[in-house]
Amino acid sequence: MTQEGETVQTADTKEQEDGYEPKLVAFLCKWCSYAGADLAGGGRIKYPANVRIIRVPCSCRIDPKLVVKALERGADGVLVSGCHPGDCHYTEGNYYTRRRMLMLFKLLEFLGLDPKRVQMSWVSASEGPKWAQVVEEITEDIKSLGPIST
Amino acid sequence: MTRIGVFVCWCGSNIASTVDVEKVAELAADLPGVAYSTTYKYMCSDPGQKLIAEAIKEHDLDRAVVAACSPSLHEPTFRGCLENEGLNPYMLEIANIREQCSWVHTDRDEATEKALDLIAMAVAKVAHNAPLVAGSIPVTRRALIIGGGISGIQAAIDVGLAGYEAVIVEREPSIGGRMAQFDKTFPTLDCAACILTPKMVAVSRNPNIKIYTHAEVEEVTGYVGNYVAKIRLRARSVDADKCTGCGTCWQKCPKRVSSEFDQHLGMRKAIHIPFPQAVPRVPVIDRDNCLYFQRGKCRICETSCEVGAVDFEQEDEVIEEKFGAIIVATGFTTFDHSTYKEYGAGQLKDVITGLQFERMVNSSGPTGGRILRPSDGKEVNTVVFIACVGSRDRAKGVAYCSRLCCMYTAKHGLLFKEHNPDGQAYVFYMDIRAAGKNYEEFVRRAQEEFGVNYLRGRVSRIFEEDGQLVVRGADTLSGTQVEVKADLVVLATALIARDDAVDVARMLGIPYDENRLFTEGHPKLAPVETVTSGVFLTGACQAPKDIPDTVATASAASAKALALFSSDVLTGEPMVSCIDTSLCSGCFACQEVCPFGAIEAVEIRDAMTRENKEVAHVIESLCHGCGNCTVVCRAGAPNLAGFSHEQILAELLAV
Amino acid sequence: MKEITKKIRKEARKLLKDGRADLVIGYEQGSDEEVATPCFITDVSQVDRLVFDEHCYHNLAKYLVGQEGYLTSRFVAQEKRPRVAIVATPATMRSIVGLIQEHQFARDKLIILGILDGTLVGIEPDVVVGQIEEDQEKSARIQAQVREIEEMTASERWAWWEEQFSRCIRCYACRQVCPFCYCEQCISDENQPQWIGKSSSPENNRTWNIIRALHLVGRCTDCGECDRVCPVDIPLSLLAVKMAGEVEEAFDYKAGADVDAKPALHSFRPDDPDDFIR
Amino acid sequence: MEAKLLQREKLSQLVDALLEDHEVVAPTSDLAYGQIRSGAELHLSDNKPTQSLKGFFFPPREVLFESRRTEDGLELVPSSSSDAPRVIVAARPCDVASLPVLDKLFGWDYQDSSYFQRRQRTTIISLACDPPPKDCFCVSLGGSPAGIEGSDLLLTPLRDAYHVLIITERGKALVEKYAQFFEESDEQHNQERARLEDEWRAQVTKEIDADRLREALDFDSGAWEMLAQQCVDCAICTFLCPTCHCFDIQDEGDNAHAIRLRLWDSCARQDFTEMAVHQPRPNHFSRYRQRLMHKFKYYPENFGRVLCVGCGRCIQYCPAGVDITKALERAVEQR
Amino acid sequence: MDSLYLPHCMTIKEVIEETPDVKTFRLAFGDDKVKEQFDFRAGQFGLYSVFGEGEAPFCISNSPTRKEYIECSIKRVGRVTNAFHELNVGDTVGFRGPYGNSFPLEEMHGKNLIFAGGGIGLAPLRSLIWNCIDTRKKFRDITIVYGARSTADLVYKRELSEWVKMKRLNTVLTVDPGGEDETWEGEIGFVPTVLEQVGPSPKNAVVITCGPPIMIKFVLVSLQRMGFTPEQVITTLEMKMKCGLGKCGRCNIGSAYVCKHGPVFSYEQLQKLPAEY
């Protein structure tokens, strides 16, 4: 169907030059992963500046819709992070997250999104180095993929 | 009309050396809704806070973003700062530009850009913040204590002494629990009855404490501060008001029954009190064994009772009482060693459990304190104690260490040697775990002073030979196979959850682990709480505990309950979920996933269709604010204050 | 099929006569022999309108729920709600299972005149009115297509789906025919906050279709109605079948198979798959 | 009326020629019309495209303007739509007949300039329905499988060639400009065309008595609730209908940059008339009633025309198998 | 395109908090030429935009005799109205209009006017009331009965006290029972009741009423009791309008488009339309 009157639509979003810096959105539960990220900071562990953290009470507050929305609004990658199984401050929130995210990831993969773009991690409050490493690796993953073609 | 103030902290050079704070503040001023933006060296310092306070007044700010260190550090500080200026403390968001920006990045441009992004996100979010006020709920200042062992007794005493009502519900005819079965207690060796009986008397005399024995909690509804318990008072067949506890009835009763209290080493009557110091001293007719109830004839107790207290017609009574807090003190049971074929699968008469040994060694026990072989009543000269039966055994028992077997085994060895200094006591053990005040010393004393033989190794087999037990095992220290001819073998069976622990957990809405032990609120920081507010754990129902730990947790749990009772209303968590009933289709997915049972069904009248519908409703006082309900609901009917759909989405869209 | 029609009429007549049902939801012939249409019989004299043939594929469970549904347990004013009997194909029954699981109504509020085809339905019909053949050819075809897509490269898949979604005109017919889309207000109609842009732009269409599929994970019983009605032929069954497979593989759960089970995403097991997590 | 002949194989050549200085729209699949880039893309099939032609005049998503925050306030940039000449080839007569019906609405009082700009720039070459699909009822509404209303040229497939009926001046100009493709028609061909049309008309058996409906449709009839039972508010009928024109106006973006859109909407939707505090059509049957009464009573009262051309899509694609002709009959019988 | 849908940019000059959920916005034209050409009649409405959020229809609540600005009073109920409430003086919004018919002012000349308003329903009446005040000689007695749930919910409080003081205006204010505060000097009671107490004669009179549906319903009952006929009663409707141009298809009541044939209807006209509003 024609899409007339669309002469004012947005510009081409592809920016495949060398200096490509992906945008990574991360949703972190405040008890474990966010505290882990704080610990990485306390330890002055360096990691790429591409990540933007959104703090939520529990990983179970991370609506899969938010991940979808992040991608729609131009995030190149999304990370969901919570407490290790059994460590949830609310005892079982992260178990639900795990089910939801697995399904979301499977669906997105089926729709053609590279699985590296949406990832999940368990990072405890004591795993500062792990947090830094996760961000490091995912940023690299996404850099190697380039922007999502739309 | 949002008027947001943005306050960018230098944190000395911690932030300012990596982030161009001035530039960030300047650009932040152009963000939508921002009315004022500034920087300061140390925003958390007194002058920094003053600066915020003045800016709020001067620029008529209605909310603030502080770009500084992690919210886990100074969120309360800045909230207080807002509150002092008459703003709601929740009209604040923190942009974490230190831990998650300046400290982890090196490139100044990148870090500056990111800091601005983080502030933009916080600004977008704070624009959707709403003032939050914690709700308040009335509190019934009464504690329900399930279980009348030492744990429940101690908790009741603490609550009662503080001037609040406590109700103990005990399944057995008497309170006292496991401790009443013990002979002496480690490491001091004072007699259990001597220290327990005064406690039992103390609870029975305290006017604030009500005791229901031979009773069970059947159902619990409600929530913190407002629980309603249905308690079944099982028929005793004896009118407690009339009974004087004289003892004639149980002396006269012709029917002898194996005694549960004595671990089936002795007998009791059909009408009985479980042990002489029982509280209340009111007997119970065991209807399954009573001649009258079974065959319709006898009634000797009735005729012998001078006060006419025996009442065969008595029926169970179910009462309903209100409570503000529930203390779970249901205790433990011991591991059934019949799964251990190598130990005779429970068939060898002279292989007994530690608890049976306690009864045997007790001077008011079935043997009058003499240590005799159950098979033939002969004096025991050689006894073998085996530690870790069921404990630390993933295959046949439980994975955990029961924690007190080492101690009571040492005690048993010592008591045996005390009774029979010429006898031989052997202990087969895996490790000695004696972490407690004077515990290690106690074990040493058993070994060194009393000459109990400790053999490090597992027993591979126990068998009968010539009317005597032979215990075959390894001594791993000497590396030899040993065989000990023993008159008696005592197994240190594991402490495990009671058979009906899961039913109790479900009734109370508390989680339990793979061993059916109740799960504490937090393994470190909330050891006597549960995820259900107002339900507390004490004693061995949570994990095996010795008496001092049990008493300590009992006092801890009662302190938690008392804290609840310290005011007649409770202040709830302000960041709780709330369900927009106009969006609710009543699928109750939220209820299914709520870890705290904080969602109930309510009936409302739909204004549009004029019909009633059942929708979900959050019990604020139970909600911990995890947000699970907000995600499981497809229509987005539940929303979480402080982390609302609007707030998180705004934050995301600002990235 | 003739036999089934007869049996349905017989049962419907009995139910209405005995006053055990006020309403029988079934099928009747539409404007010609090639068309069947849902019908609502309240009067014994109308019972002979009921038919059953190969055109009766509509999932009638839709008529039980939602704003205008004839049956929801949340309507406590029962005297206003009719007692309903429903002619249910296996697909309809599986949806009914899900709806009972999701507390939309209680099993005893509904009389099911069931037609079975040997597939698992997770509920006992009150009366079995007939047996039909399972359409194995159709499910095999969809399975094959799912595999075909799985074998594409990620970017091929992306392009393929973009092409499919680009046709979406956002008529929401997929939602309207789905028995599980009984929300008081669909998230796509929500504008505070607005999760899904209303216009049919590529991003909005993608987001809508993803969120729709997500909301059905572990619930969709693959009746295929969304796929059937889509006027622009978006192969929605592929998403349904794919995700049902994933749910079964990961959580050992099959929607519509067990009325007592908790829906897959309303529950968890500590030993759920974990290897996809860092 | 003047007539020509176009050899069958020349149609695609004509399209190729038209493409040199026109946009060309034609059926591209059974699903829809679309812009084509060569005559070979022309998809001629017995099946009427699922989607009607209306989107080419009244797009499903139309940017009205863009708003941008600037240094000194706010800037509104009206969107511009193309005025390049466009030819629609092989349009179904019913789809084309819907345009004069829509002209009334888009032209009363306030002229909808973007709609008329598109009307203005478009020449329409219809193709008669051979044979008419089974759900059509155009004849009873004054149309025909070979109807000419709204068309500039009408192609009728004869055995050996397309008969080309020149309906308007604009059509004539096109034929003259591309004269090399056309041949003169003769009486025999003209008669053949007329005979075929009669044959096809006879095949259209479904019907609607519009005059009776206008009188007899009753808002307060008790029949609506029963009639609406099968309907699941799917809105397919309104989206596929060539005459349904209800729309929504929505913003996308944020206060820094946004576009205002006109989007297709449907009276079948619960939220169509829902206001924060009031819903004049709170129930399902009231929406169903609105659709039918709008088409056959309200629109005729305002514009003297039925809001329906009898294309039959709403019957063919109704998920519940509802036949609007039957439903209307029952609406007036059972009131 | 010379879009029908393209609004004029307006600058917010003043924001008045009328009640906890109603604000009045005074909007000035950004373009002087537009301002000069702009004209409207009392009762007409416009579509007001917050860019990025959408547009919504509201009546123009100031009088055509004072058309320096456009004023609209907006109750916070949905996305667009919420967005309006977030705006500050100096912000830019959009306006297109005026649309719809208007109060039959000429027909009212020489008549007794009775205004019965409730809550935010005073907004369209206010335009006409000021219009009448400014051309007072053309009308005979003017009675205003206005009420709200509580004193806090009364809109245009400043003007209400002005009207009360005006000698050639009979203004009666009321609040629902329980809605009064210590300082309240007006009536206590529902608008229909108070209207009957005031008891204006139906002779040579026109009633203009607007308010919540329930109030209108009972005002009509009262008026009937007082001897008014349906053609003497005029009201203005608030249907869900979107385009304002008679095209988008959502505001019709039967074959009447509220945005074109209305929003002002006499009760006599309404009686002939299907009861779907």
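Every chain is numbered from 1 and lettered A, B, ... according to where its sequence line falls, protein lines coming before strand lines.
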*State whether the side chain of E:R250 and the backbone N or O of D:F272 hold a donor-acceptor pair below 3.5 Å, judged by distance alone.*
yes
*Once you round to the nearest 0.5 Å, how far does CG of E:L4 lie from CG of D:D112?*
5.5 Å
*For E:K67, look at atom NZ and say whether over 12 heavy atoms of other residues, nucleotides or ligands are found less than 6.0 Å away.*
yes
*Hey, does D:N255 have a side-chain heavy atom less than 4.5 Å from the side chain of E:F51?*
no
*Among the options E:S49, E:G94, E:G78, E:C251, pick out the one with the most heavy-atom pairs lying under 4.5 Å from chain D.*
E:S49
*Checking E:V50 against chain D: side chain, backbone, both or neither under 4.5 Å from a heavy atom?*
backbone
*asked:* Quick one: does any side-chain atom of D:D109 pair with a main-chain N or O of E:L245 as donor and acceptor, under 3.5 Å?
replied: no
*When you check the gap from the basic side-chain N to the acidic O, do E:K242 and D:D265 get nearer than 4.0 Å?*
no
*What part of D:R69 is in contact with chain E, defined as an atom under 4.5 angstrom from a non-hydrogen atom: side chain, backbone, both or neither?*
neither
_For E:K260, which atoms come within 4.5 Å of any heavy atom of chain D: side chain, backbone, both, or neither?_
side chain
*Tell me, for D:D83 versus chain E, whether the close heavy atoms (under 4.5 Å) come from the side chain, the backbone, both or neither.*
neither
_D:D254 portion near chain E, given a 4.5 angstrom heavy-atom threshold_ = backbone
*asked:* What I'd like to find out is whether the side chain of D:N302 reaches to under 4.5 Å of the side chain of E:H261, using heavy atoms alone.
replied: yes
_E:P212, part contacting chain D, at a heavy-atom distance under 4.5 Å_ = neither
*Tell me, for D:R269 versus chain E, whether the close heavy atoms (under 4.5 Å) come from the side chain, the backbone, both or neither.*
neither
*Please check if atom CZ in D:R214 has more than 12 non-hydrogen atoms from other residues, nucleotides or ligands closer than 6.0 Å.*
yes
*asked:* How long is the straight-line distance from CZ of D:R260 back to OH of E:Y5, given to the nearest 0.5 Å?
replied: 12.0 Å
*Under a 4.5 Å heavy-atom cut-off, does chain D meet the side chain of E:C243, its backbone, both or neither?*
both
_Shorter than 4.5 Å, heavy atoms on both sides: which option in D:D220, D:I249, D:L74, D:L261 has the most such pairs with chain E?_
D:I249
*Is it true that atom CD of D:E225 has more than 12 heavy atoms of other residues, nucleotides or ligands lying nearer than 6.0 Å?*
no
_With a 4.5 angstrom heavy-atom cut-off, is it the side chain or the backbone of D:E75 that approaches chain E, or both, or neither?_
neither
_Minimum-distance pair of heavy atoms, taken over all atoms of E:S255 and D:Y298_ = N-CD2, 3.5 Å
*CG/D:L263 to SG/E:C248 distance, rounded to the nearest 0.5 angstrom?*
12.0 Å
_Any D:F219 side-chain heavy atom under 4.5 Å of E:L273 side chain_ = no
*asked:* Could you report the tightest heavy-atom contact between E:G52 and D:A258, atom names first, then the distance?
replied: CA-CB, 3.5 Å
*Using non-hydrogen atoms only, which part of D:T273 is less than 4.5 Å away from chain E: side chain, backbone, both, or neither?*
both
_Which atoms of E:E53 approach chain D - backbone, side chain, both or neither, heavy atom under 4.5 Å_ = backbone
*About how many Å separate SG of D:C267 and CG of E:N252, when rounded to the nearest 0.5 Å?*
9.0 Å
*Could you pull out the closest heavy-atom pair between E:K247 and D:H245, with the gap in Å?*
O-CD2, 3.4 Å
_Quick check on the interface: out of D:E252, D:K297, D:M293, D:R281, who has the most heavy-atom pairs with chain E under 4.5 Å?_
D:R281
_Per-residue contact mode, E:T81 against chain D (heavy atom under 4.5 angstrom)_ = neither
*Please check if the distance between the ring centroids of E:Y99 and D:Y110 is under 6.0 Å.*
yes
_Side-chain donor/acceptor of D:W108 to backbone N/O of E:G246, under 3.5 Å_ = yes
_D:L76 portion near chain E, given a 4.5 angstrom heavy-atom threshold_ = side chain
